[in-house]
Each structure stands twice: as structure tokens, then as C-alpha cells.
Amino acid sequence: MTAAAALAKNRYVPAALGLGSFVAFIALVELLIRVGVINRFIVPMPSDIIAAFPRVIVEEHVLQRFLLTAGEALSASILVTIFGVAGGVLLYRYHLLRLATETWVAAVAAAPLVLMYPLYLVIFGRSALTIVMMGFTAGLAPIMLKTLEGLLATRRVLINVGRSFNLTPSQQFWKILFPAALPTIFVGLRLGLIFALINIVGVEFLINFGGLGQLINELAERYDLAGTYAAICFVILVSICVFILMERLERWLRPVD
Amino acid sequence: MAAVPFERIDADAPKLAPANAILTVDDIVKRFETPDGVLTAIDHVSLSVAPGEFVGVIGPSGCGKSTLFNVIGGLLDGYDGTVKVAGERVRGPHPAIGMIFQEESTFPWRNVLDNVAFPLEIAGMPRAERYDRARHFVKLVGLDGFERRYPAELSGGMRQRVSMARTLAAQPKILLMDEPFASLDEQTRLLLGDKVLQIQQQLKQTTLLITHNITEAVQLSDRVVVMTYRPGKVKRMVEINLPRPRSSEIVSSEAFGRYVAQIWSDLREEASRGLDDEESRKLHEGEKR
């Protein structure tokens with residue numbers, strides 16, 4: 001076994017290497033800004049961003065904003081998971097519906113849906129609901145498409161095993177099709193949730209309603225670059241929380257790949 | 001070992017339709033619509049299997065073996081003729097028939113024990129009881145100690161044994177196997193053949209094996225049904241009068257060699273037809289392009 005392979009087997013080495021690389025990258029950026037290679041009026045020094053955290057947390061009420069954005073992201077995630085997976089199942093189940101709409105759904109997945117926010121403002125008002133619905137709309141199509149792909153990719157022999165055991169259509173779905181499609185469904189969920197989160201923060205930014213998106217907008221307008229980047233770190237934190245939840249859910253539903 | 005007389009019997013010989021047959025396949029014809037017209041995959045195929053008997057069906061690629069497997073298993077409809085289990089007509093998957101497929105068919109998201117317990121879970125058996133029974137069948141196929149492993153952690157032969165244990169756990173009256181060892185190497189195939197013989201002898205399991213491997217068919221079967229190339233018809237039925245219990249050591253016996261040679265002489269012509277047909281089709285496809 002090579003030394004690299006032995007290190008990869010160690011429980012702590014990969015995590016330490018990842019963290020070490022990140023710290024080294026931050027230190028490099030700091031150095032490049034200090035020596036003037038990177039313009040400090042465009043990219044703030046990492047040390048300034050770290051120093052801005054207490055100010056952003058205390059003065060900008062970042063906890064309430066974080067909870068608002070996280071709540072919107074969670075609501076959109078739940079909605080998009082339920083309706084996206086159900087939509088994918090419908091497309092799988094009804095061949096005519098699939099033929100009639102699959103191209104449209106794929107087109108929606110690629111469309112810049114954030115531009116529809118004025119319409120949503122008219123329908124849902126200037127509220128968190130508009131933001132959640134924008135996130136939901138943006139995340140729906142990729143989840144539907146990936147659910148469909150996962151179900152269609154279920155190996156014929158597994159379906160035949162179910163048939164040979166006289167499974168009911170419901171058992172066939174829950175015991176074979178759904179678990180077989182789960183890895184692909186979760187790829188769709190990850191994609192969909194990224195789309196949803198981008199749109200949630202984007203619409204918060206655009207409609208100045210609240211949450212981390214609005215904070216980023218305000219800090220940017222005040223030209224508080226360190227504060228802006230510190231606020232962006234909290235958006236990344238929301239993303240990390242959602243993805244950890246997603247990973248736990250996947251491990252629970254399918255303990256092995 | 002004493003020389004065993006070779007018995008070669010025509011397909012329509014009456015002694016090959018046991019009166020107490022548990023499985024009766026009567027005059028099956030299955031046609032498929034293809035872009036080139038109607039293709040008859042199997043043509044007036046009849047056979048029957050007595051309780052506890054092991055029957056092998058052998059034929060070249062394209063003789064409709066897998067079509068026959070799917071018809072008997074109830075996975076394919078729209079055919080002429082009848083399939084009966086203990087006198088009851090089969091119109092779809094039948095609980096008395098357990099199927100083992102050619103392709104790898106374990107559920108990758110379930111460990112060995114949960115895979116084997118699957119049919120019992122579907123039947124609504126209480127958890128403790130179904131795991132007890134599943135453990136029994138895991139042990140029967142020689143996988144005790146691997147209960148918590150997932151299929152990805154097992155070899156191809158072990159996965160096929162999991163599939164076998166899963167099917168046996170449902171305690172079917174008839175075991176239907178479609179080239180279950182086709183993807184395995186020759187040595188593993190012989191050793192798994194031993195395992196199948198051991199299980200079949202222990203459970204007195206009625207078995208119908210679909211295969212293209214002559215050695216496997218002779219090693220395992222009481223009777224071998226030789227099929228023609230497309231359309232698949234029964235060309236010959238051969239009684240295998242080799243002593244039981246058997247093991248893979250029997251493949252080195254003189255009698256075994258004679259059975260293999262005789263079946264090959266029947267199959268050779270069919271396999272050649274299949275090869276010629278395949279080559280002319282490829283040529284035709286090339287010309288079309």
C-alpha cells in the first residue's frame with residue numbers, strides 16, 4: 001500500500017487535509033491582498049471578514065435573519081421534495097403525460113425563473129410566501145426530472161423479481177422502484193435545493209423583504225465589504241445545514257449505495 | 001463407476017409426461033411482432049415435471065428458452081397453450097412458482113438477511129419469525145456469517161446464492177431457474193451446481209432449469225429437454241440416468257461424457273443454424289446501412 005493510500009484510510013487525515021487546505025487558501029488570499037496583488041477595495045481581507053462577524057451578529061441581528069432564511073429554505077425544501085418527487089412519479093406512471101410535458105419540464109429547469117418575481121409579488125404579496133414559492137418553483141423541475149430518471153433506470157430484473165413475488169402496485173413502488181431510484185432522486189434533491197436556495201436569497205435581495213439576502217444587499221450598498229462577505233458566510237451555513245439534513249435523510253432511507 | 005446406458009427418447013414419447021406432474025406446459029406458442037414481421041419464439045412446446053424432479057431445458061441462443069421461462073413464470077402473456085401448476089391454470093405470477101433470474105437480482109439497498117426475508121415480509125410474516133426463517137435459508141446456501149453484508153460486498157456467486165435463498169424462503173413448490181450461473185466462471189459454476197444439487201436433494205425441490213450449458217444440464221438434471229433453434233421446439237428429451245446423490249466429481253465419469261456428447265450432437269446442428277442466422281442478419285444489417 002502506498003503512503004497516500006494508507007493516509008486516506010486514516011479516519012482523521014482526510015478531514016484535517018481538507019481543513020488545512022482551506023486555511024492555507026485563506027492565508028494565501030490574505031497574503032495576496034496585503035502585498036497588493038488582489039485589490040483590497042474589491043476583495044476584503046479574510047482577517048477583516050472574521051473581525052466583522054461580531055458586528056454583523058450583534059448589530060445586524062443576523063440570528064433572526066439566519067432563522068428567517070433557513071425557515072424559508074426548509075419550507076421550500078419540504079414543498080419541493082413532496083411535489084417534485086410526486087411529479088416525477090406521475091410522469092413515470094402516465095406515459096402520455098410524460099410525452100406531453102417532459103420537454104416543458106426540462107425547459108423550466110433551465111429557465112432563469114428568478115425573473116418571475118414581480119408576478120409572484122402580485123400573486124402572493126410582499127411576504128415570505130413569495131420567497132418560499134420562488135424557491136419552490138426553481139427547485140421543482142430538476143427534482144421531477146431526476147425522480148423520473150431514477151424510476152426509469154430501475155433494472156427490469158428487479159421489477160420482475162417483484163412481479164414473481166406477486167407484489168401489489170403499491171408494494172412494487174415502495175419496496176422496489178422507490179428504493180432503487182433513491183440515489184438518483186437525491187441527486188435531483190441536491191440540485192433542486194441549490195436552485196431553491198439561490199432563488200430564495202436572490203429574491204430576498206431583490207424585494208428587500210428580510211433575511212440574509214436583504215442583509216447582503218444593505219451591507220453591499222453601504223460598501224461594507226467585510227460585513228457583506230461575513231453575511232455570505234451565513235448563507236453558506238444555511239446551505240450546509242440543508243445538505244447535512246439531506247445526507248442524514250438519505251442514509252436513513254438507504255443505508256448503503 | 002459402472003457404465004450407465006444412455007437413453008435417448010423422442011419428444012412425444014408418452015413416458016415423459018408423468019401422470020402426477022406438478023407442472024404441465026401444454027402446446028405453448030408465443031409470437032412477437034417485430035419490424036421484420038411476426039417472429040415465432042416458441043412453437044408448440046409441451047413438457048411436464050413430476051414432484052421432486054429436476055428438469056433441464058437446453059438450447060442454443062435464440063431458441064426461446066428465456067421466453068419459455070417468462071411464460072411459465074407468468075411474466076409474459078399473449079401466448080397460445082396452457083401452463084398448469086398442480087392442475088391449476090397459471091395466468092400470471094403464481095405463488096407456487098419461485099423464479100431465479102439470469103441477471104444479478106439482489107436488492108442492493110438490503111443486506112443479505114433482509115434480501116432473503118423479502119418474500120416473507122411481503123407475506124406479512126412477523127419480524128422475528130421471518131428473520132428466523134431467513135437465517136435458515138441463508139445457512140442452507142452456505143452464507144451464514146454474511147447476514148449483515150450488502151450485495152456490493154459479495155462476489156457474483158454469493159449474490160446468486162442470496163437470490164436463490166430469497167426464492168427458496170418463499171417455499172415455492174416449483175423452482176424455476178433461468179441460467180442462474182451464466183455470468184460466473186466455470187469453477188464457481190461447478191461448485192454452485194454442487195450447492196444446487198445438495199439443496200435440491202435436501203428439500204426434494206421440483207426444479208426446472210433453463211440453460212445453454214450442457215455440463216450444467218447433465219450434472220444437475222434427471223431429464224434434459226433439448227430445444228431447436230428458432231422457432232424453439234422440443235427436439236429431444238434425454239433421461240439422465242446418473243446416480244444420485246451427485247456432485248461435481250461426476251463430470252469426470254465416462255457416462256457423463258457420453259451424455260454430454262449425445263446432447264451436443266443434438267445441439268450442434270441447432271447452434272450452427274443459430275450462428276448462420278446471426279451472421280446473415282449482421283450481413284443484412286450492414287447492407288441496409
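Every heavy atom of this structure was used, including side-chain atoms; hydrogens, water molecules and symmetry mates were not. In the text below, chain A, chain B and the rest are named by the order of the sequence lines, each starting its count at 1.
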If you count heavy atoms of other groups shown closer than 6.0 angstrom to [atom1] of [X], is the number above 12?
X: Asp185(B); atom1: CG; result: yes
X: Phe32(B); atom1: CZ; result: yes
X: Phe83(A); atom1: CZ; result: no
X: Glu247(A); atom1: CD; result: no
X: Arg155(A); atom1: CZ; result: yes
X: Lys173(B); atom1: NZ; result: no

- Thr106(B), part contacting chain A, at a heavy-atom distance under 4.5 Å: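 Answer is backbone: N, CA, C or O of Thr106(B) sit under 4.5 Å from chain A.
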- Considering only heavy atoms, which portion of Glu121(B) lies under 4.5 Å from any heavy atom of chain A: side chain, backbone, both, or neither?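 For Glu121(B), the side chain is the part near chain A, not the backbone.
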- Query: Just by distance, do the side chain of Arg163(A) and the backbone of Leu75(B) share a donor-acceptor pair under 3.5 Å?
  - Reply: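 Between the backbone of Leu75(B) and the side chain of Arg163(A) there is a qualifying donor-acceptor contact (under 3.5 Å).
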Heavy-atom closest pair, residues [X] and [Y]:
X: Phe165(A); Y: Thr167(B); value: CZ-CA, 4.2 Å
X: Val161(A); Y: Ser105(B); value: CG2-CB, 3.7 Å
X: Ser164(A); Y: Pro93(B); value: CA-CB, 4.2 Å

- Query: In Å and rounded to the nearest 0.5 Å, what is the CZ to CD1 distance from Phe107(B) to Ile176(A)?
  - Reply: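 Result: 4.0 Å between the selected atoms.
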- Rounded to the nearest 0.5 Å, what's the gap from CZ on Arg156(A) to CD on Glu103(B)? Could you check?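 With rounding to 0.5 Å, CZ (Arg156(A)) is 11.0 Å from CD (Glu103(B)).
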How about [X] and [Y]: do any of their side-chain heavy atoms sit closer than 4.5 Å?
X: Lys175(A); Y: Phe118(B); value: yes
X: Met99(B); Y: Asn160(A); value: no
X: Arg254(A); Y: Pro108(B); value: yes

- With only heavy atoms counted, which part of Leu182(A) is less than 4.5 Å from chain B, the side chain, the backbone, both or neither?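 Neither part, no heavy atoms under 4.5 Å.
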